[in-house]
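Below, each value reflects all heavy atoms present in this structure, side chains not excepted, and no hydrogens, waters or symmetry copies. Residue numbers begin at 1 in each chain, while the letters A, B, ... track the order of the sequences. Please read these numbers as outputs of a predicted model, since none were measured by experiment.
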Amino acid sequence: MSNHSGLDKPDFGAWVKNVWQVVQGIPRGCVLTYGEVARLAGSGGSARRVSQAMRRAPRGMELPWHRVINAQGGISFPLDSEGYRQQKALLEKEGVVFRNGKTNLQRYGYAGALDRLLWGETES
DNA sequence: CCATTGACCGGCT
DNA sequence: TAGCCGGCCAATG
């Protein structure tokens, strides 16, 4: 029951809200990949849906969207777009360093944060 | 309703 | 290291 004519949407809407919360939980100066955000929000969607979820965020909602990057450690906007420049600028302002258009996920990413807690500032 | 798109990802060559 | 390919799934035309 309840499944009839377009009812019972697989709570994609709920998943979207989870995405917002996950993104809001990313500390300043740190980053998370689309895939990681998707997973932390629950196994309902996929990495590709994360961008849609963030675009759906209400105007005025505080959402550090710039802390979400791709699994290669780079920004996923076209290189010559305004979004690319803006995201990079926001991240650099938080101390995230780019080398050849990519950041070191081992250092700024999720796993990196754990490693630093356990091993301290190993880094090279 | 079918086809294409997209702020992606992992595996394979 | 770099590039191609298939899968993913809601949104858009």
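In this structure, SG on Cys30(A) lies 11.5 Å from CG on Leu105(A), to the nearest 0.5 angstrom. Rounding to the nearest 0.5 Å places CE of Met61(A) at 14.0 Å from CZ of Arg59(A). The line from OG1 of Thr103(A) to CD1 of Ile69(A) is 3.5 Å long, rounded to the nearest 0.5 Å.
Here the shortest heavy-atom pairing between Val19(A) and Met54(A) reads CG1-CG, 4.4 Å.
Looking at the side chain of Ala47(A), the nearest of the listed nucleotides dC9(C), dC9(B), dA7(B) is dC9(B). Taking every side-chain heavy atom of Asn70(A) into account, dC9(B) is the closest of dC9(B), dA10(C), dA7(B). For Phe12(A), the listed nucleotide lying nearest its side chain is dA10(C); candidates were dA10(C), dC9(B), dA7(B).
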Report all side-chain donor-acceptor pairs from residues 34-43 of chain A shorter than 3.5 Å, counting only partners two or more places apart or in another chain.
| residue | atom | partner | partner atom | Å |
| --- | --- | --- | --- | --- |
| Glu36(A) | OE1 | Thr33(A) | N | 3.0 |
| Glu36(A) | OE1 | Thr33(A) | OG1 | 3.4 |

Which pairs of donor and acceptor atoms, one on a side chain in residues 94-102 of chain A, lie under 3.5 Å apart (sequence neighbours left out)?
| residue | atom | partner | partner atom | Å |
| --- | --- | --- | --- | --- |
| Glu94(A) | OE1 | Gly29(A) | N | 3.0 |
| Glu94(A) | OE1 | Arg67(A) | NE | 3.0 |
| Glu94(A) | OE2 | His66(A) | NE2 | 3.0 |
| Glu94(A) | OE2 | Arg67(A) | NE | 3.3 |
| Glu94(A) | OE2 | Arg67(A) | NH2 | 2.7 |

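Atom CD of Gln52(A) is separated from atom P of dT5(B) by 15 Å (rounded to the nearest Å). As rounded to whole Å, 13 Å separates atom C1' of dA7(B) from atom CG of Leu63(A).
Applying the side-chain hydrogen bond (donor to acceptor under 3.5 Å, both in side chains) test to residues at least two apart or on different chains, the pairs with a partner in residues 72-84 of chain A are Asn70(A)-Ser76(A), Glu82(A)-Arg85(A).
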Between N or O atoms, less than 3.5 Å apart, protein on one side and nucleotides 5-7 of chain C on the other: list the pairs.
| residue | atom | partner | partner atom | Å |
| --- | --- | --- | --- | --- |
| dG7(C) | O6 | Arg48(A) | NH1 | 3.4 |

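Between Leu32(A) and Val22(A) there is a side-chain heavy-atom pair separated by less than 4.5 Å. The shortest distance between side-chain heavy atoms of Ile26(A) and Trp65(A) does not fall below 4.5 Å.
In the region residues 17-41 of chain A, proximity to DNA chain B at under 4.0 angstrom, judged on heavy atoms, holds for Thr33(A), Tyr34(A), Gly35(A). Of the residues in residues 72-102 of chain A, those placing a heavy atom less than 4.0 Å from an atom of DNA chain B are Ser76(A), Phe77(A), in numerical order.
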